[in-house]
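Below: the structure, in structure tokens.
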Protein chains: 2
Amino acid sequence: MGAEAQRTEEWADVTPDAARRLLTAAVQAFAERGYHATTTRDIAGRAGMSPAALYIHYRTKEELLFRISSVGHRLALDILRQARDGAGTPAERLAAAVRRFVRWHAEHHTTARVVQYELGALGEEHYAEILGMRRDTDAAVRAIIEDGVAAGDFDVPDVRGTTLAVLSLCIDVARWFNVEGKRTPDEVGELHAGLVLRMVGYDGTLPTGV
Amino acid sequence: MGAEAQRTEEWADVTPDAARRLLTAAVQAFAERGYHATTTRDIAGRAGMSPAALYIHYRTKEELLFRISSVGHRLALDILRQARDGAGTPAERLAAAVRRFVRWHAEHHTTARVVQYELGALGEEHYAEILGMRRDTDAAVRAIIEDGVAAGDFDVPDVRGTTLAVLSLCIDVARWFNVEGKRTPDEVGELHAGLVLRMVGYDGTLPTGV
DNA sequence: ACGCCCCCTAAGCGCTTGCTCAGGTTCGGG
DNA sequence: CCCGAACCTGAGCAAGCGCTTAGGGGGCGT
């Protein structure tokens, strides 16, 4: 499945068609220039519409950002929760979590960039709502690490700090990942999964799997 | 030494006084709201001046950003080069590099945020100039890791990828570090130094030092 | 005492911004 | 054939933007 196919799939349940086109146009524009440097005319232009058309489907420019941020956080959270609740040893589940989380940030790095770096532009209420999802994200990763510590598979002196560092390492992929670069999302995910297992003091070999 | 003292010290060689006040005002504003959401009136207001005063000391708003970015990158690069060229084993030098680099990103997280996340707002020529310094940053860290591999102290299958990940982990501190939080810059630096030594497969204990 | 230069402000110019609104087009159901 | 609902556009408004300009005040050397 190519990146293009996934990009449309990601917003598949946004209707009507024009609203989805505006949304994907906004994702691209926000990712390229940032929220504040993007004009409503630019978004509408990319979607092949007049500026006024935007306001039929969204009340403000900020609502567009919130919708993107909301869907993006939901997707990222689902990835981590699936790994947390999946089968296998803590090492296998942590490796799977990192692999998929990193792969998502690389593959959908435009969306991920908006999701991770444009939070500050959200309105107060929307920001608070997103913050809740981010706390859940942290909790999901922490749960896996705590499982590993309890099982005696991991050696982690500072669980909260290490959780933060693991998430930090994964999220930052969205900042530097470049489609023109030599590394595929799969390769980056694999590399990071290995690094994270070392960070938690797992002394076995990197488990394979999705 | 408090953060306040360091903040002024950081821009000590910027003269005259009004130019420095404008610069520090811009750093705060850019870090809080982002470059594009910051107005020249806001910057001038924070510095206790009229909007026009800005243009006596700086030709454009973008030049202000470039100056900040330039000084910030220079400071960060110096930290890493000092660690690279310092005495000690590769593990000691890598630990020192991460400790100090992370500490800088935590202590000066306002400056660091502008330096790391507002690159895209730079003009083309200024951007190219900054990019050169960023390549040097990468090279400095890579050199230490290569030393450790050559000495047989580190086990790193993918040197370039791991270098990128190490830098990534350190840089991202600027995004999440919160002065209100419970962790001091020193503690965060210590934690990350330990994590990075694990990432490079160093099997000794964390060396102490600056 | 005087002229000079540096530093600053008040006012505002030209432009772009987010957003609005009256009016037109398209299309399925009766 | 007509109606109403859904969707879209052209034109434009008020506000805010980066930046400019004309002019004033204060401290310096002479």
Side-chain angles (χ1 to χ4, degrees), chain A residues 11-69 114 118-127, chain B residues 11-69 114 118-127:
Chain A
W11 312 103
D13 51 353
V14 178
T15 52
D17 183 70
R20 182 175 47 254
R21 265 160 50 219
L22 284 165
L23 237 172
T24 56
V27 169
Q28 284 185 269
F30 290 163
E32 274 177 33
R33 311 199 210 295
Y35 175 81
H36 288 293
T38 300
T39 68
T40 54
R41 286 168 234 273
D42 182 18
I43 297 169
R46 285 174 195 246
M49 296 166 152
S50 80
L54 199 153
Y55 293 88
I56 293 162
H57 301 282
Y58 302 95
R59 281 185 306 115
T60 63
K61 178 180 153 188
E62 191 265 355
E63 195 191 315
L64 260 174
L65 175 63
F66 174 63
R67 284 277 217 279
I68 293 165
S69 200
V114 179
E118 302 292 336
L119 289 181
L122 286 168
E124 218 168 313
E125 291 181 20
H126 286 161
Y127 181 72
Chain B
W11 311 103
D13 51 350
V14 178
T15 52
D17 183 70
R20 181 176 47 255
R21 265 158 52 219
L22 284 165
L23 235 173
T24 56
V27 169
Q28 284 185 267
F30 290 164
E32 275 176 33
R33 313 200 210 294
Y35 175 81
H36 288 293
T38 299
T39 69
T40 54
R41 290 177 229 290
D42 182 17
I43 297 169
R46 286 174 194 246
M49 294 167 150
S50 81
L54 200 154
Y55 293 89
I56 293 163
H57 302 282
Y58 302 96
R59 280 185 307 116
T60 63
K61 176 181 155 190
E62 191 266 354
E63 193 191 318
L64 219 23
L65 175 63
F66 173 64
R67 283 279 217 280
I68 294 165
S69 200
V114 179
E118 302 292 337
L119 288 181
L122 287 168
E124 216 167 316
E125 291 181 20
H126 286 162
Y127 181 73

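A note on names: the letters A, B, ... follow the listed sequences, proteins ahead of strands, and every chain is numbered from 1.
Scanning residues 32-40 of chain B for heavy-atom distances under 4.0 Å to DNA chain C yields an empty list.
Along DNA chain C, the stretch of nucleotides lying under 4.0 Å from any heavy atom of chain A spans, 5' to 3', C:dT17 to C:dC21.
A:Trp11 CH2 to A:Leu23 CG: the interatomic distance, rounded to the nearest 0.5 Å, is 6.0 Å. Atom-to-atom distance recorded for B:Leu22:CG and B:Arg67:CZ is 12.0 Å, nearest 0.5 angstrom. In this structure, NZ in B:Lys61 is found 6.0 Å from CZ in B:Phe30, a value given to the nearest 0.5 Å. Within the model, atoms OH of A:Tyr58 and CD of A:Glu63 stand 8.0 Å from one another, a figure rounded to the nearest 0.5 Å.
Residue pairs meeting the salt bridge (Lys or Arg N to Asp or Glu O under 4.0 Å) criterion with at least one partner in residues 43-54 of chain A, sequence neighbours excluded, are A:Glu32-A:Arg46, A:Asp42-A:Arg46.
In terms of the ring pair (Phe, Tyr, Trp, His ring centres under 6.0 Å) criterion, residue partners of B:His126 (sequence neighbours excluded) are, by chain and number, B:Phe66. Listed by chain and number, the residues in a side chain to side chain contact (heavy atoms under 4.5 Å, CB included) with A:His36 are A:Ala121, B:His36, B:Ala37 (sequence neighbours excluded). Residues forming a side chain to side chain contact (heavy atoms under 4.5 Å, CB included) with B:Ala53 (at least two apart in sequence, or on another chain): B:Met49, B:Ser50. Under the rule for a side chain to side chain contact (heavy atoms under 4.5 Å, CB included), the partners of A:Tyr127 that lie at least two apart in sequence or sit in another chain are A:Leu119, A:Leu122, A:Leu131. Partners of A:Pro51 under the side chain to side chain contact (heavy atoms under 4.5 Å, CB included) rule, at least two apart in sequence or in another chain, are A:Arg41.
The only option from A:Leu64, A:Leu65, A:Ile68 that meets the side-chain contact (heavy atoms from CB on, under 4.5 Å) definition with A:Tyr35 turns out to be A:Leu65.
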For nucleotides 3-9 of chain D, list the nitrogen or oxygen atoms of the protein found under 3.5 Å from its nitrogen or oxygen atoms, one pair per line.
unit_1	atom_1	unit_2	atom_2	d
D:dC8	OP2	A:His57	NE2	2.6
D:dT9	OP2	A:Ser50	N	2.9
D:dT9	OP2	A:Ser50	OG	3.0

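Within 6.0 Å of CZ in B:Arg21 there are more than 12 heavy atoms belonging to other residues, nucleotides or ligands.
Rounded to 10 degrees, the angle between the two end axes of the helix from C:dC4-D:dG27 to C:dG30-D:dC1 is 10°, with five pairs used at each end.
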